[in-house]
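Take a look at the structure below.
Keep in mind the model is a prediction, meaning the values are calculated, not measured. In the text below, chain A, chain B and the rest are named by the order of the sequence lines, each starting its count at 1. Note that these values count all heavy atoms, side chains included, but never hydrogens, waters or copies made by symmetry.
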Amino acid sequence: MDFNAIDTKWNNLWQQGKVFEANHSKEKKFFLSAAFPYPNSPQHIGHGRTYTTTDIYARYLRMQGYNVLFPMGFHVTGTPILAMAKRLGQKDEEYLRIFEEIYGISRETSATLTEPKALVTYFSHEIEQGMREMGYSIDWRRKFYSYDACFNKFIQWQFRKLKEAGYIKQGSHPVPWCPSDNNAVGAHDTRGDVDPQIEEVTAVAFEIKGEGSLLCSTYRPETVYGVTNIWINPSAKYVKVEMNGKKFIISQDAANALSQQFGLKIIGEIKVAELLKKEAINPLSNAKLPIFEAKFVEPKTGTGVVMSVPAHAPLDYLALRDAKLDGKVKLVQVLTVEGFGEFPAKEIVERMKVPNQLDSKAEEATKEIYKKEAHTGIMKVGEFAGEGCATAREKIAAALAKKGQAHKLYVLANSPVFCRCGALCSVKMVQNQWFLDYGDKKWKEKAKECLSGMKIMPQQTIADYLYTIDWLNERACTRAAGLGTQFEFDKTQMIEALSDSTIYMAFYAISHYAKDLPADALDEKFFDYVFLGKGKAPNEAAKKMHEEFEYWYPFDSSHSAKDLVHNHLVFFLFNHACIFEKKKWPKQIVTNGFVLMDGKKMSKSMGNIMPIRAAIKRYGADVIRFSVVAGADLSSDTDFNKSVAEGISSRIKSMGELLEKTIAHDAQKGAKTSAKYDAADKWFYSRLHRRVKNAPAMFESFQIRELSQEILFETFNDMQHYLKRAKEPRLREFFEYWTALSAPFMPHIAEEFWEKLGKKKFVKDAKFASLAHMPAADEKKIDEEMEKQEQFLLSTREDVVTLLRLLKKEGQAKKIHLFVADEWKREVRSVVAREKDFGKAIKACLANAKLKPHAAEFKKVIETCMKDVGALKSEVLSSQQELDALQNGAEFLKSEFGTEILVKKESEAEGAQAQRAKNAMPNRVAVAIE
RNA sequence: GCAGGGAUGGCAGAGUCUGGUCAAAUGCGCAGGGCUUAGGACCCUGUGACUUUAGUGUCUGCGCAGGUUCAAAUCCUGCUCCCUGCACCA
């Protein structure tokens with residue numbers, strides 16, 4: 001089987017036949033989509049998981065008779081593509097290498113990708129081609145890019161609606177900032193792709209009479225009571241600054257960084273030597289504090305001035321000890337800490353034998369104490385004595401701030417972070433930043449109402465949605481640069497990437513028409529009519545688009561990987577709830593886990609990314625489809641590796657070979673067999689129809705893993721057994737059902753099989769398996785008794801195998817006798833099942849008239865039954881049924897063991913066998929081997 | 001720190017809601033055998049330990065420590081460890 005050839009054949013036929021183009025009609029519809037990709041790289045097999053899951057579902061629903069719309073577009077909004085084009089233009093070696101080694105893009109090609117649009121075009125074509133090769137049943141006519149003029153108009157309309165609703169606000173906001181580029185920085189703007197993390201710290205003011213205040217940044221304002229001195233770095237430069245009419249002393253570096261956050265003015269330098277002579281005043285205890293020098297103080301971190309709490313901060317204690325001041329300064333205890341005495345910092349430093357402040361163990365000790373004190377520390381002094389460390393911290397910070405003795409400031413927690421331009425990043429307080437007010441209570445309520453009407457898969461993620469809805473606050477919705485849509489209310493701004501992709505699904509409903517209209521025509525009235533049905537249709541186009549939207553909306557199912565739960569998917573709820581009327585709110589969200597490569601996360605730095613098109617080339621699309629969805633439950637991550645893909649491949653191939661054989665056989669002998677089903681046929685088709693019957697519920701609940709297991713492995717195993725068991729296997733019917741059932745998973749191969757089978761079984765004139773109806777199970781063929789009998793036959797076979805091995809008589813037995821337990825033993829079994837107790841069971845049996853004749857024997861039977869009393873719940877076959885099962889399977893057993901098989905009832909045993917026959921139990925035959 | 005998820009055999013991964021049929025599905029790996037010129041293809045068997053030449057039995061076992069129960073991977077309590085997310089970034 002040449003998978004690639006089959007893929008190509010059917011991809012072309014589908015395209016030519018316009019099989020997946022969906023138009024509004026009278027039929028019941030289903031509108032679903034998966035998050036549209038950001039084209040700044042080729043896609044890898046991880047992306048394939050979400051799209052494959054979506055496509056399986058789409059194909060399943062199509063086969064259930066729905067008019068299914070599965071569209072796709074490209075999200076190009078934001079800065080990474082801009083940044084990437086710029087870097088390629090600069091011949092950035094890091095990028096060129098990634099392109100070459102991981103994406104397989106030559107340097108010549110890279111040289112042509114220095115414009116954002118060229119990059120978008122290149123990767124979106126690459127991605128689209130991959131999706132086509134994977135056989136995704138997408139209506140490509142509706143494709144658009146988020147920078148298309150018609151889409152811009154749509155987003156601007158959306159933002160006008162949000163503004164009308166009062167959800168767009170302005171205010172100040174801290175962002176990671178490059179002072180040299182004069183722009184906000186994200187992970188893709190920094191050296192080594194470090195994600196800059198903003199953290200809030202408290203800066204406490206320690207007054208120096210006549211000079212202003214020393215500003216000390218700290219994570220632990222509750223320890224101000226214990227401050228014994230102030231640290232400054234002897235080799236740093238300190239300056240006086242003016243801020244809100246007050247004077248402060250901080251390092252020069254800090255002044256530069258903080259000027260981005262506050263309107264501060266540097267008044268002049270102050271020499272370290274001069275500072276060291278001064279005294280500062282503790283704002284809480286009013287103690288006079290000396291100022292000392294310490295090397296551990298980083299002038300670039302925080303304010304460059306550090307308050308010293310030697311009782312609780314190991315670094316402070318170490319610095320004192322290094323300067324031989326530990327004898328002179330009196331430590332002040334602030335907290336009582338579990339497992340420590342008066343001065344925890346001193347204790348831990350001594351216990352861990354930290355040599356000095358610059359040793360790496362100093363940091364370890366700090367972390368340890370910080371954690372311990374935050375957990376178990378109780379305030380010993382001050383206004384909040386008796387309270388826990390964490391609550392006291394907040395209260396003290398607030399109290400100091402109220403008196404103007406503390407200020408909130410922002411720092412980069414993972415500092416230093418460098419911009420790719422080389423400058424050190426800091427935090428800037430952006431003024432007049434535009435926000436979407438997701439903190440609005442009423443809006444939150446609406447979003448929750450929307451959520452409550454939806455089906456969320458996997459169900460356990462509902463908690464995440466609720467949590468995120470509650471937690472969301474004002475969120476910046478514009479940026480100074482980027483591709484996408486201009487922000488109408490402030491033309492210096494572009495709408496930010498996560499804000500223009502919240503209701504874009506609605507645009508798919510009309511995108512294939514919108515493209516043909518001049519952008520000017522898409523004004524307020526136009527969209528009000530199309531999406532909200534307000535007013536009269538401004539023109540024919542609007543009317544047509546309104547009808548289309550009315551047909552396809554509400555949006556039935558949104559698919560993505562699980563990382564979008566905390567942002568995009570929640571915004572999706574908020575925005576739908578705001579813009580559209582309730583009956584147009586979305587119905588379902590499905591999220592899935594990631595794909596690992598040989599057990600490890602795929603990443604550029606590890607170089608273990610497998611591009612999806614390379615994977616298709618190697619294994620075939622359908623094998624990849626199975627590989628990314630069959631391995632794990634929807635919610636958990638799945639592993640892709642060679643052996644999984646090869647295993648799937650070989651199963652599919654052997655199915656193909658069998659299909660060929662079946663067809664050849666039928667052609668020779670004629671497909672019709674008039675003979676009735678025998679036991680083996682009944683068993684096999686009972687299993688098949690049971691699976692067919694259960695399948696729809698499994699598709700609906702996204703038990704994709706279980707379904708693939710059934711289709712690929714369990715059905716396959718059944719067939720293996722059936723082939724051995726059946727006198728004349730009839731596989732045609734099986735293949736007709738199996739092909740349809742597996743078509744959503746392996747569409748190309750299913751089409752190929754379908755064609756070979758003559759393809760008209762389930763729906764008249766279905767040219768494609770993709771359009772055939774999912775077969776309904778023939779429930780008459782589900783035969784539980786037959787399945788049990790076969791099960792019994794198989795376990796009997798197992799017993800014989802075990803016994804032969806035990807006797808070392810494999811292949812040497814002359815005759816094998818099988819004895820079925822008498823009916824009265826079943827009575828005993830059910831008594832034991834009921835009583836669940838040896839004594840009670842005996843009494844019950846004695847009282848049972850039916851068991852009277854067997855009084856001498858039943859005690860032993862009860863004993864045997866009691867061994868696994870829990871197993872007795874399931875019902876067993878009657879003696880006659882067991883007998884039938886074995887007689888029907890006698891041929892099979894004979895061929896398995898190559899010897900004569902004699903089946904009898906226990907009571908019919910004669911001579912030497914009589915004793916053995918007594919071992920027979922319900923559901924377990926007695927075996928006698930000659 | 002907060003929130004969510006998790007810990008099962010050589011590996012991956014079911015089983016947990018609804019306790020007993022669980023030495024634990026399925027797949028991979030490994031070992032032995034068969035088929036074959038050969039095999040990475042296919043088939044059979046085995047794969048916690050010990051014991052057993054008539055079909056066993058005993059012990060150990062599902063992160064750790066307890067508890068409930070005739071019975072616990074499954075229920076309860078406490079603990080340890082791991083993963084993911086925490087905002088202006090797609």
- Please answer whether the main-chain N or O of A/S636 pairs with a side-chain N or O of A/D633 as donor and acceptor at a distance below 3.5 Å.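 No, A/D633 side chain to A/S636 backbone: no donor-acceptor pair under 3.5 Å.
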
Within the 4.0 Å heavy-atom criterion, would you say [X] contacts the bases, only the backbone, or no part of the nucleic acid?
| X | value |
| --- | --- |
| A/I929 | base |
| A/S650 | sugar-phosphate |
| A/L498 | base |
| A/Q915 | nothing |
| A/V927 | base |
| A/N919 | base |
| A/A632 | nothing |
| A/V185 | sugar-phosphate |
| A/S635 | nothing |
| A/Q720 | sugar-phosphate |
| A/R916 | base |
| A/N567 | base |
| A/H568 | nothing |
| A/N641 | nothing |

OP1 or OP2 of [N] sitting under 4.0 Å from any side-chain N/O of [X]?
| X | N | result |
| --- | --- | --- |
| A/R805 | B/rG32 | no |
| A/Q709 | B/rG27 | no |
| A/N717 | B/rG27 | yes |
| A/T79 | B/rA90 | yes |

Atom pair distance, as rounded to whole Å: [atom1] in [X] and [atom2] in [N]:
| X | N | atom1 | atom2 | result |
| --- | --- | --- | --- | --- |
| A/R393 | B/rC2 | CZ | P | 12 Å |
| A/Y465 | B/rU84 | OH | P | 19 Å |
| A/L794 | B/rU21 | CG | P | 21 Å |
| A/L818 | B/rG55 | CG | C1' | 13 Å |
| A/L634 | B/rG6 | CG | P | 14 Å |
| A/K918 | B/rG55 | NZ | P | 16 Å |
| A/F713 | B/rA12 | CZ | C1' | 12 Å |
| A/Q460 | B/rG6 | CD | P | 7 Å |

Options [options], nucleotide nearest the side-chain atoms of [X]:
| X | options | answer |
| --- | --- | --- |
| A/K724 | B/rA90, B/rC44, B/rC88 | B/rC44 |
| A/P80 | B/rG55, B/rC89, B/rA54 | B/rC89 |
| A/D464 | B/rG4, B/rC28, B/rG27 | B/rG4 |
| A/L472 | B/rA87, B/rC88, B/rA54 | B/rA87 |
| A/A926 | B/rG13, B/rC88, B/rG55 | B/rG55 |
| A/D633 | B/rG55, B/rU53, B/rA14 | B/rA14 |

Looking only at atom [atom1], what distance separates [N] and [M], rounded to whole Å?
| N | M | atom1 | answer |
| --- | --- | --- | --- |
| B/rG48 | B/rA31 | P | 16 Å |
| B/rA12 | B/rA25 | C1' | 13 Å |
| B/rC28 | B/rG78 | C1' | 38 Å |
| B/rG61 | B/rA73 | P | 10 Å |
| B/rC83 | B/rU77 | C1' | 25 Å |
| B/rA65 | B/rC81 | P | 16 Å |
| B/rC76 | B/rC17 | P | 9 Å |
| B/rU8 | B/rG4 | P | 22 Å |

Who does [N] pair with, Watson-Crick or G-U, both distances under 3.5 Å?
| N | value |
| --- | --- |
| B/rC42 | B/rG34 |
| B/rU18 | none |
| B/rA90 | none |
| B/rG4 | B/rC83 |
| B/rA49 | B/rU58 |

- Message: I'd like to know if A/R475 reaches the base of B/rA87 with its side chain such that a donor and an acceptor end up less than 3.5 angstrom apart.
- Response: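 Check fails, no donor-acceptor contact within cut-off.
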
[X] and [Y]: side chain donor to acceptor below 3.5 Å:
| X | Y | answer |
| --- | --- | --- |
| A/E657 | A/S654 | no |
| A/Y722 | A/N717 | no |
| A/W434 | A/D490 | yes |
| A/T77 | A/S146 | yes |
| A/S649 | A/Y619 | no |
| A/D500 | A/T485 | no |

- Applying ring-ring contact (aromatic ring centres under 6.0 Å, His included), run through A/F574 and A/Y438 and close with a yes or a no. CA-CA 8 Å; A/F574 269 97; A/Y438 291 122; 4.8 Å; yes

- Taking it one step at a time, do A/M602 and A/V595 satisfy side-chain contact (heavy atoms from CB on, under 4.5 Å)? CA-CA 8 Å; A/M602 277 187 268; A/V595 176; 4.2 Å; yes

